[in-house]
Asker: 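Have a look at this one before I ask anything.
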Amino acid sequence: MTAIGLIDCNNFYVSCERAFDPKLVGVPVVVASNNDGCAIARSNEAKALGVRMGDPIHLIRDRLDKHGVVVRSSNYTLYGDMQRRVVAAVEEFASEVEIYSIDESFLDLAPFADRDLTVHANGMRDQVRRWTTIPTCVGIGPTKTLAKVANAAAKKNPLFDGVADLRDPAIRAFVLDRFPVADVWGVGRATAAKLATLGVTTAGQLRDMQLKQARGLGTVVLERLVAELQGVAASVVEVVEPRRKGMAVTRSFGAPVSDLETLMGAVAQYAMRAGEKLRSHGLVAGQLTVFFHTNPHRRDLPQHHGSRRIALHPMTADSLELLAAARRGVEAAWRDGPAYTKAGIMLDDLVAEEQRPRTLFEGDVDRRARLMTALDEVNGRFGRFTAVPAAQGFAREWRMRAEAKSPAWTTRIAEVPVVSAR
DNA sequence: TCTGGGGTCCTAGGACCC
DNA sequence: TCTGGGGTCCTAGGACCC
């Protein structure tokens with residue numbers, strides 16, 4: 001019998017922060033996005049105060065201060081390492097684990113389906129908690145979409161106490177009839193609005209929609225979604241990582257940038273990072289897009305959105321080639337005057353290094369590849385951007401804000417927590 | 001003063017071909 | 001005035017996810 005599980009960490013970033021700082025337990029905590037811009041994780045206490053996902057911190061500052069909400073800058077090194085530990089704790093409880101996002105994994109539970117899966121899931125949650133302190137919820141169903149619904153029910157409805165198994169048709173119907181259609185995985189704002197005009201407001205009503213009608217209203221994506229709600233699997237638990245199609249390094253600046261040289265400095269660093277990322281995946285890129293733009297929320301200020309796409313011949317993962325292409329793009333798209341607040345590099349047409357098409361006249365590729373390997377080794381060992389090209393220009397006025405970032409508790413020896421006993 | 005940073009998939013429509 | 005009937009490939013943009 002098919003049984004798909006979804007384990008999801010509760011308020012993951014906040015829980016990671018709490019794992020190493022007990023002062024944060026029991027008080028309202030918010031983790032801010034890069035640049036301390038928006039609220040992207042909230043403790044239950046913060047949710048109860050009305051802090052919503054994506055709220056700009058500066059707009060809710062007063063409320064945060066009034067209620068003593070602790071705001072932490074995001075610390076992705078910590079969260080990434082904690083994810084690894086959560087997955088390790090889960091592995092023995094499933095035959096396959098598909099890491100879906102930094103805080104969620106799909107599980108193939110079929111081999112365990114003859115036992116009580118609620119007991120099984122609770123054993124898994126206990127192990128995650130023992131190994132990482134992170135609280136989780138588990139949803140179980142015959143398809144991924146139903147496992148997602150189950151997970152949300154497990155989290156929201158105290159009746160389930162952290163684990164919901166929707167394989168039983170009666171329980172499933174009970175939950176779907178009370179589940180807002182807008183909260184279904186894959187139903188966003190636009191689709192929810194269209195469904196509302198048809199009077200479809202619950203997941204149960206969407207389940208009962210004709211497949212053809214679903215396709216007409218949305219696309220094949222909505223049709224598959226309806227099938228999954230009916231218990232017919234349209235996707236499976238995927239273990240192998242799919243080949244990446246694109247890759248990006250983009251950042252908002254800590255302060256607006258109006259001069260070309262400073263912007264170049266930022267873009268240069270993103271290009272170096274993009275190259276590093278490509279090489280770590282063993283890929284080369286055929287196309288690079290560089291962009292920079294002003295603050296779109298400030299309609300009162302002059303706006304400019306500069307962007308250039310540059311073909312990379314030959315395809316490459318060489319940081320210096322990416323850097324040169326990015327510079328050309330910025331120069332071509334530059335406009336004097338506006339204050340820019342964000343820039344980025346996007347790479348497309350990604351191909352595995354071994355499958356890179358060879359061209360004539362590509363120079364001494366091996367020598368450059370060795371240089372890049374050396375660069376990665378130095379930076380891997382001594383910290384990112386220890387070795388950089390001399391022309392990079394390392395003025396850092398644009399560097400993003402992170403005013404309340406926790407230490408790299410688990411990944412830097414100088415920052416591991418010290419425990420003393422007497 | 002201050003609004004994240006990644007990704008995926010699908011479709012429509014244009015360019016081009018015979 | 002009137003203007004076929006297929007294809008393919010590519011790109012931009014929308015919608016969605018966390």
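Because only heavy atoms are used, hydrogens play no part in the values below, and waters and symmetry mates are left out as well, while side chains stay in. Values in this document were obtained by computation on a predicted structure and should not be read as measured data. Chain letters run A, B, ... following the sequence lines, proteins first and then strands; every chain starts at 1.
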Asker: Need to verify one output field. Residue with the more 5' nearest nucleotide on DNA chain B, A:Met400 or A:His58?
Answerer: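 The residue mapped nearer the 5' terminus is A:His58.
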Asker: C:dC17, B:dC9, B:dC2: which one has an atom nearest the side-chain heavy atoms of A:Arg224?
Answerer: B:dC9
Asker: Within residues 211-223 of chain A, which residues have any heavy atom lying less than 4.0 Å from an atom of DNA chain B?
Answerer: A:Thr219, A:Val220, A:Val221
Asker: Could you summarise the pairing of DNA chain C as dot-bracket text, marking Watson-Crick and G-U pairs under 3.5 Å with ( ) or [ ] inside the strand and | across strands?
Answerer: ....||||||||||||||
Asker: Would you indicate what A:Asp103 reaches in the nucleic acid, counting non-hydrogen atoms under 4.0 angstrom: base, sugar-phosphate, or nothing?
Answerer: sugar-phosphate
Asker: For DNA chain B, determine which residues of residues 242-249 of chain A have any heavy atom closer than 4.0 angstrom to one of its atoms, and list them numerically.
Answerer: A:Arg244, A:Lys245, A:Gly246, A:Met247, A:Ala248, A:Val249
Asker: Using a heavy-atom cut-off of 4.0 Å across all strands, would you classify A:Asp55 as base, sugar-phosphate, or nothing?
Answerer: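 Touches nothing.
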Asker: Evaluate the criterion side chain to side chain donor-acceptor pair (under 3.5 Å) for residue pair A:Thr373 and A:Glu377; output intermediate values, then yes/no.
Answerer: CA-CA 6 Å; A:Thr373 306; A:Glu377 267 169 24; over 6 Å; no
Asker: Taking any heavy-atom pair under 4.0 Å as a contact, classify A:Lys194: base, sugar-phosphate, or nothing.
Answerer: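 Nothing, no heavy atom under 4.0 Å.
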Asker: Is the cationic atom of A:Lys156 (NZ for Lys, CZ for Arg) positioned less than 6.0 Å from the six-membered ring centroid of A:Phe179 and within 45 degrees of its normal?
Answerer: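 Satisfied, under 6.0 Å and within 45°.
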Asker: Could you tell me whether A:Val31 contacts a base, only the sugar-phosphate backbone, or nothing, with contacts defined as non-hydrogen atoms closer than 4.0 Å?
Answerer: nothing
Asker: Using a heavy-atom cut-off of under 4.0 Å over every strand shown, decide if A:Thr191 touches base, sugar-phosphate, or nothing.
Answerer: sugar-phosphate
Asker: Contact class for A:Arg61 vs. all strands (heavy atom < 4.0 Å): base, sugar-phosphate, or nothing?
Answerer: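 Since no nucleic acid heavy atom lies under 4.0 Å of A:Arg61, the category is nothing.
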Asker: Is the side chain of A:Thr202 donor-acceptor paired with the backbone N or O of A:Val181 at a distance under 3.5 Å, no angle test?
Answerer: no
Asker: Can a cation-pi geometry be assigned to A:Arg251 and A:Phe253, taking NZ or CZ under 6.0 Å from the six-membered ring centre and within 45° of the ring axis?
Answerer: no
Asker: State yes or no: are the ring centers of A:His120 and A:Phe93 separated by less than 6.0 Å?
Answerer: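 Ring-ring flag for A:His120/A:Phe93: true, centres closer than 6.0 Å.
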